[in-house]
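Reviewing the structure listed below.
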There are 2 protein chains.
Amino acid sequence: MEAAVLIRQDVTAIPRDTRTSTRTIAVERRLRRSEALRPPERGDLVALRVLEGCLRVCHPLLDGRRQITDFLFPQDRISLMEVRCHNGSIEAVTSARVSLFPSDGLDGDDGMHADHYRARLGAMQARLFMLGHKNAREKLAAFLLEMSDRIGGGEDTFRLAMSRYDIADYLCLSPETVCRNFTLMVSDGLLALPDSQTVRILHRAPLEFIGR
Amino acid sequence: MEAAVLIRQDVTAIPRDTRTSTRTIAVERRLRRSEALRPPERGDLVALRVLEGCLRVCHPLLDGRRQITDFLFPQDRISLMEVRCHNGSIEAVTSARVSLFPSDGLDGDDGMHADHYRARLGAMQARLFMLGHKNAREKLAAFLLEMSDRIGGGEDTFRLAMSRYDIADYLCLSPETVCRNFTLMVSDGLLALPDSQTVRILHRAPLEFIGR
DNA sequence: CGTTATCTTGATAAGTCTCAATGCAAGTGG
DNA sequence: CCACTTGCATTGAGACTTATCAAGATAACG
């Protein structure tokens, strides 16, 4: 039992300095049905799987900035309850197709099981280590290696769906710092950037050394 | 079915510049029985509850530093599997008494349920926001408020069990920065430090404003 | 009472953010 | 079709925060 949904990019123009999204998930209003803190009822949409495209999980901060806690690519699953519990939203980075899974009515059900939670905890733990002790160069190296795996299936050349601003909010850096470190890596010969969205990893080993 | 264990401080002197623990949990070797990645077998110790004292959850980093992901106080529970999965260890900050819970043999069982995982994810999410976007002063304010709740039950005066080094590794700062910000808060009249371990919050409202 | 670890403070260096300006590409309306 | 707008990417200059290195102060302990 699942519903396939097409999510299109929304061109709602939101002032840039708020650092909020310029493209809002069109289906977001539908998902809000399950945002309340009440236990989900039978039929509430409680989980999402990406079929196509790229999404981001955003959390607004008190100072008006935002944090992106994850990007979602095809085959990735996420619990909408988990996102909603932390005041988050799911937004479309590109147009995307997703499957939405309704609750089977069990209390607290979001279609996720202990293994999935353990995996999520592991991913967050890794992000904790990264945010705590990596500098900008190391964060970017780790990010590119992660994207190489998740977008390109480990290929050296892949296309980043997200903007420098998205990357900055994911790595907790300013977009300028992200940009400067892209430039540095290119001039160090680690990367090539045929265009600003396309990344080619030229020397994976040193990149792994930096990003580990 | 549970085993109560007394954990004493171990005085293994480890050179300070490694930033590793100076007090190692004596029972640690016993806990390693359940560290393997195999599913726990009936009788393996898979969860811990603190009865008395203070523990820390430590994770060594590749550069030799460590990250403390949590402090544990009486009534806190933790999954040993979760700790072990991330190469972590549990160490005694003070002498402590804990209960250890054996697995009932269910696959992947650590005595924790979905609600508990959700709570853990929430706590980590909060830490993520903190590490990403708070400066040293804000981190320390948030830390003190957290400790006031967890140690002192919300009282304004409480005693920190952990050293400045522990606090630094928890907040991902240098101990010097932690120290300086203690001093600053005292000279700003927010805090009093009768001795370096005892904290008295003099003005909670501004502290909450900073730490939020 | 010396030894040791911890806490504190200072000086300096390094890294990152902020503010500002420019370039570029895509879309819009006349 | 072309000026115009808009958002994103890039680069520079300066300020600010934090880490690092160093040294002194304090407290705990044998």
Side-chain angles (χ1 to χ4, degrees), chain A residues 9-24 61 63-65 93-94 131-140 159-169 171-187 191 193-199 210, chain B residues 9-24 61 63-65 93-94 130-141 159-169 171-187 191 193-199 210:
Chain A
Q9 291 182 223
D10 187 337
V11 287
T12 310
I14 294 174
R16 165 180 160 179
D17 58 5
T18 66
R19 300 290 296 281
T20 49
S21 166
T22 58
R23 299 160 184 152
T24 309
L61 302 179
D63 59 4
R65 291 186 294 189
V93 173
T94 65
L131 292 185
H133 287 290
K134 282 192 167 73
N135 65 23
R137 187 180 180 79
E138 294 163 344
K139 285 178 181 177
L140 187 57
R159 192 169 172 74
L160 296 172
M162 68 293 290
S163 72
R164 300 287 190 261
Y165 290 84
D166 287 339
I167 298 172
D169 289 338
L171 300 179
C172 296
L173 294 169
S174 70
E176 293 94 334
T177 297
V178 172
C179 196
R180 274 183 251 270
N181 279 277
F182 264 114
T183 304
L184 283 175
M185 285 184 178
V186 169
S187 60
L191 297 181
L193 289 175
D195 65 275
S196 68
Q197 304 274 108
T198 306
V199 175
I210 296 169
Chain B
Q9 292 181 223
D10 189 336
V11 287
T12 311
I14 294 173
R16 166 178 159 178
D17 57 6
T18 65
R19 300 290 298 282
T20 49
S21 166
T22 59
R23 299 162 185 152
T24 309
L61 301 179
D63 58 4
R65 292 187 293 189
V93 173
T94 66
M130 189 190 72
L131 292 184
H133 287 290
K134 281 192 168 72
N135 64 24
R137 187 179 180 79
E138 293 162 345
K139 285 179 182 177
L140 186 58
R159 192 169 173 76
L160 295 172
M162 68 293 288
S163 72
R164 301 286 190 260
Y165 291 85
D166 287 338
I167 298 171
D169 289 338
L171 300 179
C172 297
L173 294 169
S174 70
E176 292 94 333
T177 297
V178 171
C179 194
R180 275 184 249 272
N181 279 278
F182 264 114
T183 304
L184 283 175
M185 285 184 178
V186 169
S187 60
L191 297 181
L193 290 175
D195 64 276
S196 67
Q197 304 274 110
T198 306
V199 176
I210 295 169

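Sequence lines set the chain letters: A, B, ... in the order given, protein chains first and strands last, and positions in each chain run from 1.
- Here C:dT18 is the nucleotide among C:dT16, D:dT10, C:dT18 with the atom lying nearest to any side-chain atom of A:Arg65.
- Of the candidate nucleotides D:dT20, C:dC7, D:dT17, D:dT20 has the atom nearest to the side chain of B:Ser174.
- Atom pair A:His133:NE2 and C:dA14:P shows a separation of 21 Å (rounding to whole Å applied).
- Evaluation of atom-type donor-acceptor distances gives no pair under 3.5 Å for the side chain of A:Arg137 against the base of C:dG15.
- Of the candidates C:dT8, D:dT11, C:dT16, the closest approach to any side-chain atom of A:Cys179 belongs to D:dT11.
- In this structure, B:Phe182 atom CZ and C:dT9 atom P are separated by 12 Å, rounded to whole Å.
- When the side-chain nitrogen and oxygen atoms of A:Thr177 are compared with OP1 and OP2 of C:dG15, none of them lie within a distance under 4.0 Å.
- The backbone N or O of B:Pro194 lies less than 3.5 Å from no partner atom in the side chain of B:Thr198, so there is not a single donor-acceptor pair.
- In this model, the phosphate group of C:dT9 is approached by a side-chain N or O of B:Thr183 to a distance below 4.0 Å at OP1 or OP2.
- As a whole-Å value, the separation of A:Leu184 CG from C:dT16 P is 10 Å.
- Across every non-hydrogen atom of A:Leu140 and A:Ile167, the tightest pair is CD1-CG2, 4.4 Å.
- Atom CG in A:Asp195 sits about 21 Å away from atom P in C:dG23, given to the nearest Å.
- Closest approach to the A:Glu176 side chain among C:dT16, C:dT6, D:dG12 is made by D:dG12 (side chain taken as heavy atoms from C-beta onward).
- Closest to the side chain of B:Ser196, from the set C:dT8, C:dC17, D:dT11, is C:dT8.
- One finds no side-chain N or O of B:Gln197 lying less than 4.0 angstrom from the OP1 or OP2 phosphate oxygen of D:dA27.
- Donor-acceptor pairing under 3.5 Å, judged by distance alone, is absent between the side chain of B:Arg164 and the base of C:dT9.
- With hydrogens and angles left out, the side chain of A:Arg180 and the base of C:dG15 share no donor-acceptor pair within 3.5 Å.
- Distance A:Ile210 CD1 to C:dG15 C1': 16 Å, rounded to the nearest Å.
- Put simply, CG on A:Leu193 is 11 Å from P on D:dA9, counting in whole angstrom units.
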Could you check B:Leu160 against B:Asp166 for side chain to side chain contact (heavy atoms under 4.5 Å, CB included), going step by step and ending with a plain yes or no? CA-CA 10 Å; B:Leu160 295 172; B:Asp166 287 338; over 6 Å; no

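- A salt bridge is defined here as a Lys NZ or Arg NE, NH1 or NH2 lying under 4.0 Å from an Asp or Glu carboxylate O, and B:Arg159 with B:Asp195 meets this definition.
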